[in-house]
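Have a look at the structure below, then the notes.
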Number of protein chains: 2
Amino acid sequence: MENIQNLLSHHQIKPSYTRMVIFRYLRDNHTHPTVDEIYQALAEELPTLSKTTVYNTLKLFIDHHLVREINLKEQKRYDVVTTPHAHFKCDRCDELYDVEIAPPSLDEKSSELFVVRDVQLLYHGVCRKCQKTT
Amino acid sequence: MENIQNLLSHHQIKPSYTRMVIFRYLRDNHTHPTVDEIYQALAEELPTLSKTTVYNTLKLFIDHHLVREINLKEQKRYDVVTTPHAHFKCDRCDELYDVEIAPPSLDEKSSELFVVRDVQLLYHGVCRKCQKTT
DNA sequence: TATAGAATTGTAATGATTACAAATTTATAA
DNA sequence: TTATAAATTTGTAATCATTACAATTCTATA
């Protein structure tokens, strides 16, 4: 928990208890949870937690580049920023898998035009499990 | 319009007039429009058009891999499927640019697990225009 | 020209997200 | 410590895109 306190502080985020708990949840659960899943998971530990706070806190983390938002067709999911990697989303079961491929950098020409802050590489298709169940 | 009729037919889509007009709009306007923009743009030509029809038709096109849905934070945008390319989304002005980079294929190991139907490569950051205006 | 099936439409329901003001907590300084 | 200001958290209501669904219109075929 101390680590988290320092990490948030280093990113100019005041480490309130609520924020630390939410961050810890994301750090320890790389399941790409939805807002609702985060809220449900922490409701016991933080009985007064409000869903608005989850939204606010995620926005704060995202603005400070600690957390990344993955915009899927069905819902938004959240992921702590770690090493560059891609995702595979199964269109049958909606599961989101990590894939160890680093997204390519912009080509030289585009680099002159755009300042990149984040890259997302997302594959769609059918996962192993769902291939078997037809 | 004949081309479109054939194209839809080849993809097992019955080429109704409404569908052809919607497809033509997407083919001729690579602006990554939202549902509402499509609806507004065609309201004059198709006075009885319903937004539900736009939704239905896009879903049909997507299921048949003629159109791709781009899930942005703020809204969904639509793009006819052409050559593989990436997108750059400006977080200041929300403009979505085409970038001529082909997304990488899955690595060998992942290929064994996943059957890929589509790939999306999306860069986020600040575009040229917005860099100038601070 | 009647009929079945498909496509389109309009309205209502849903559900995630945001706006916002009130309440609570935390930090600061007298 | 105690008062005050600032920041954080909360709860409710509003918003808005999307979906569900039943009714209507259109199209193809017998």
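Chain naming here is simple, since letters A, B, ... match the order of the sequence lines and numbering starts at 1 in each. Keep in mind that the numbers below use all heavy atoms, side chains included, and drop hydrogens, waters and symmetry copies.
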Problem set entry | Partners passing side chain to side chain contact (heavy atoms under 4.5 Å, CB included) against A:Thr53 (at least two apart in sequence or in another chain) | A:Thr18, A:Leu49, A:Ser50, A:Thr57

Problem set entry | Phosphate-side-chain proximity, A:Ser16 and C:dT26, N/O vs OP1/OP2 below 4.0 Å | no

Please give, in whole Å, the distance from [N] [atom2] to [X] [atom1]?
X       : N      : atom1 : atom2 : answer
B:Lys59 : C:dT8  : NZ    : P     : 15 Å
A:Leu60 : C:dT17 : CG    : P     : 17 Å
A:Asp63 : D:dT8  : CG    : P     : 13 Å

For this session: Report, as yes or no, whether the 6.0 Å neighbourhood of atom CD on B:Glu44 holds more than 12 heavy atoms from other residues, nucleotides or ligands.
Result: no

For this session: Identify whether any heavy atom of A:Thr18 sits under 4.0 Å from a base atom; if not, whether one sits that close to sugar-phosphate; answer base, sugar-phosphate or nothing.
Result: sugar-phosphate

Problem set entry | Residues in side chain to side chain donor-acceptor pair (under 3.5 Å) contact with A:Asp63, at least two apart in sequence or another chain | A:Lys59

For this session: Report the residues that fulfil side chain to side chain donor-acceptor pair (under 3.5 Å) with B:Asn29, sequence neighbours left out, ordered by chain and then residue number.
Result: none

Problem set entry | Within-4.5 Å side-chain heavy-atom neighbours: A:Arg77 and A:His87 | no

Exercise. Between the two ends of the helix from C:dT1-D:dA30 to C:dA30-D:dT1, what is the bend in degrees, rounded to 10 degrees, where each end axis spans five pairs?
Worked result: 10°

Counterpart residues, salt bridge (charged side-chain N to carboxylate O under 4.0 Å, His left out), relative to [X] (two or more places apart):
X       : answer
B:Lys51 : B:Asp36
A:Arg24 : A:Glu45
B:Lys73 : A:Glu69
B:Arg68 : B:Asp118

Exercise. Can you list every ring pair (Phe, Tyr, Trp, His ring centres under 6.0 Å) pair that touches residues 49-70 of chain B, not counting sequence neighbours?
Worked result: B:Phe23-B:Phe61

Exercise. What pairs meet the ring pair (Phe, Tyr, Trp, His ring centres under 6.0 Å) rule with one or both residues in residues 90-133 of chain B, with sequence neighbours excluded?
Worked result: A:Phe88-B:Phe114, A:Tyr97-B:Phe114, A:Phe114-B:Tyr97

For this session: Could you run through nucleotides 11-30 of chain D and give me one letter per nucleotide, 5' to 3': B if any protein heavy atom sits under 4.0 Å from the base, S if only the sugar-phosphate is that close, - if neither?
Result: BB----SBBBB---------

Problem set entry | DNA chain D contacts made by residues 19-33 of chain B, counting heavy atoms under 4.0 Å | none

